[in-house]
Amino acid sequence: MLILDPDDPAGWREAPAAVPGTPAASGNRFTEGLNPEQREAVEYRGQALLIVAGAGSGKTRVLTHRIAGLIDSREAWPSQILAITFTNKAAAEMRERVESLLGEGASGMWISTFHSACVRILRREAEAIGLSSTFTIYDSADTRTVLKRIIKELDADTMGFTPASAQSKISKLKNELSDVETYARNANMNDPQEAMFLEIFRQYTRRLRAASALDFDDLIAETVYLFRAFPNVASLYQRRFRHILVDEYQDTNHAQYSLIREFTQPVPAERVAEMSEHGFNVRGITDASGGIPGASLTVVGDSDQSIYAFRGADIRNISEFERDFPGAKVVLLEQNYRSTQNILSAANAVISNNFDRKDKKLWTAVGDGEKITGYTGYTAHDEAQFVADEIEALHRAGVAYRDMAVFYRTNAQTRALEEIFVRSALPYRVVGGTKFYERAEIKDAMAYLISVANPLDELALRRILNTPKRGIGPATETALSGFAEANGLSFREAMRSADALGLGPKVTGAIMALARVLDEAAAMLVPSSAGVAAGTNEGASKVSDVLVFLLEKSGLIDALRNSRDPQDETRAENVDELVAQTRDFDRDNPQATLVDFLTQVSLVAAADELDDASGTVSLMTLHTAKGLEYHAVFLTGLEEGLLPHQMSASEPGGPAEERRLFYVGITRARQRLYISLAMSRAQFGEVAVAMPSRYLQEIPEDLVDWKQSPGMATSRGGTRPRALNARPGQGGAWGTRDRDLERFSVTASAKPKAEWANRVTGTVRDNGDLTLEAGDRIRHVDFGEGRVSQVTGEGTKRIAHVSFDTAGQKKLLIKIAPIEKL
DNA sequence: GCTAGTTGTATTTTT
DNA sequence: TACAACTAGC
């Protein structure tokens, strides 16, 4: 999926002599069909441009046309462009679109995420900051493991430190570009809490250094430090990139902001002269003083879609852009090309409740469209059944599954949705969530590769030390690390000389054997002498071959295959899938190294996994949904405590950010928007009463057609559990006034149709080999009786198409549906 | 050093 | 619920 940028380091010193073009020369070819504001954003030439782009206002179009225009008019070579996007997928798409606009490849362009761009720079310049160019990138789980060890060793848990709390604090500091020393200077050492945290931070930094590893936040921060500490290195990039474009600017944090500032600094004349002497071509890019002026900066963003404050995103970066870059031009894009007016009106109404924002109203020329459909389920399963039914109805009406998406606030909400979707034989895919690369067996296999690529990475080594089981326990591990420390060796070196430790012969043999396997794998990666001479990877073994070698020689794959744990069968299959992925990687990137593969894996984002060609409904969190659009969108779990989330209440700006999240969700929909909630939701395995989200009231009532409103669901019938009759408590945002509930009763559609049949439970049954055929009558736990009209599929995937007497048409996966034949 | 069983505890969003 | 950490017994 991710394509390695074809930028070629050999061309690094070549002359990208720009032919300065006149703005008008960018031609009409790239402004045709654009509205006046879009056109202005594409054509403007100046130091700084802020494009305030409302949702669906065609910002990707503007960005791609702007880049294509710059290249086509010869104002810039592709290699002088640096475009930062939020995901790798967006980057790949942007590259594709630019290339198709130009009708040719645009190699040398850097279009990537902040993190990918930084890794690329850091690997190239690693030496300068005393890092191995094969440094490992630690993900949050790795960070957590390291912190867990540190906290245990320091007994910091007695002071209330947890890996999670330390992790988020360290992350916040790094996003503010505060390193250990900076923190130490300002810390109040009389406060034992603070002193302890400093020690944790210090240890953490030390260990990452020793392992030649960087965490996600380091990638950005270290690049900034690199540029600041080595102006001559920074100049290389300042000279090269003449046009910097940043998408989703509202979600940049301080470190990213600082990085952009570094990129756009001018290069003073004396350094330009120096560079020129060293053979760097600066022709055509110097100004009258002989220096290189700062690169032009284009940022695109929408403060209403800022949803990453928890990750340090600072909304001031965009709101104070004009102050930061004096003379900046601002272009406002308000015409929406995505959604119907009803959807936009709802979005506008909701977001206008956020005070302290620049007023901005999205509008469209496409017309009102259909009303928003609302539904209140009794349980999460009931809600999920509504979603499944509506998806099926849309599908029958001709909407492809891939054009529909279900959004939710927390990953935990997928469970009920998945259960119902499986039962309903709906093709779906969960985007993000527990990712493939987070599975234990995959992390194990990856740890082998990492140990080979970066021998200093102790975390990876410790992970594989006893995986598969080799009889090397914690005692041996401690002995090894003690030996390493006492002799000034790395953990890996200690393993090689394990025979000097006086351990048992079996354990010693196991350690030495593992060390040997790793050494042999490392030898496979050395390029041939011809390759070394040419600076290529010629002669090195392919990633897939190294992986297969490691899996076999280490015994990992055999251990999984021969295990009697039935789950290990799936694990072995996952490992095989990893091998298949490395084969794909080798095929797609013949020149790439093992480190390239590891980098790519470290930096995949949830949205990168999206496969446009798949014929499935997509399920994802609201955060992942940013930047995407679908014909039909289902916003689920619109309850107090979920959206806004409980945890956001205590955070400053929390409720406003949650509202933006809701806004982002609404504006993903092109034609149809569905909003739903459940009156009760299982948490802790206990059922708790749920209150409608405060944000629901903010949607004008005439825009929503409630098939079952919150009012109806509380005021009707006596068959539901008592808990549901409970009055909303004091302080509940939904209020205690009856008017609030009445509002929904009044707007509720007058047709009390099949909704009562939809009181779906989580019941699952194994029907084994129940055979059904068209014409059979069945009884379903939730839907009552019905007649089978058709049976499709094979084996465990047989699907019954059933017309229920009261609940309508449904598809059921026969094996697990709670049904019986009559 | 390994395994199974038990107890305890935490549950937001992500590059 | 569900998973991590701890304990007991091999």
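Order of the sequence lines sets the chain letters (A, B, ...), proteins ahead of strands, with each chain counted from 1.
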(message) Check whether A:Asn175 reaches the backbone of A:Lys172 with its side chain - one donor and one acceptor, N or O, closer than 3.5 Å.
(response)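 No.
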(message) Looking at A:Tyr378, is its backbone amide N or carbonyl O close enough to the side chain of A:Ser680 to form a donor-acceptor pair, meaning the two atoms are under 3.5 Å apart?
(response)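 Pair found, side chain donor or acceptor close to backbone of A:Tyr378.
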Quick one: label [X] by what it contacts on the DNA or RNA (base, sugar-phosphate, nothing), any heavy atom closer than 4.0 Å.
X	result
A:Asp217	nothing
A:Phe114	nothing
A:Thr476	sugar-phosphate
A:Lys506	nothing

Hey, does the side chain of [X] come within less than 4.0 Å of [N]'s phosphate (OP1/OP2), counting only N and O?
X	N	answer
A:Asn88	B:dT15	no
A:Asn411	B:dT13	yes
A:Ser648	B:dT13	no
A:Lys148	C:dA5	yes

(message) If I compare all heavy atoms of A:Glu248 with all of A:Lys626, which pair ends up nearest, and what's the gap?
(response)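 It is OE1-NZ, 3.5 Å.
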Nearest whole Å is fine: how far is [N] [atom2] from [X] [atom1]?
X	N	atom1	atom2	result
A:Glu658	B:dT13	CD	C1'	8 Å
A:Leu643	B:dT13	CG	P	13 Å
A:Glu248	B:dT14	CD	C1'	14 Å
A:Leu628	B:dT14	CG	P	13 Å
A:Met620	B:dT14	CE	P	11 Å

(message) In whole Å, measure the gap between the P atoms of B:dT13 and C:dA4 for me.
(response)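 Nearest-Å result for B:dT13 against C:dA4 at atom P: 16 Å.
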(message) Please compare A:Lys469 and A:Ser140 by the position of their nearest nucleotide in DNA chain B and report the one closer to 5'.
(response)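 Nearest nucleotide further toward 5': that of A:Lys469.
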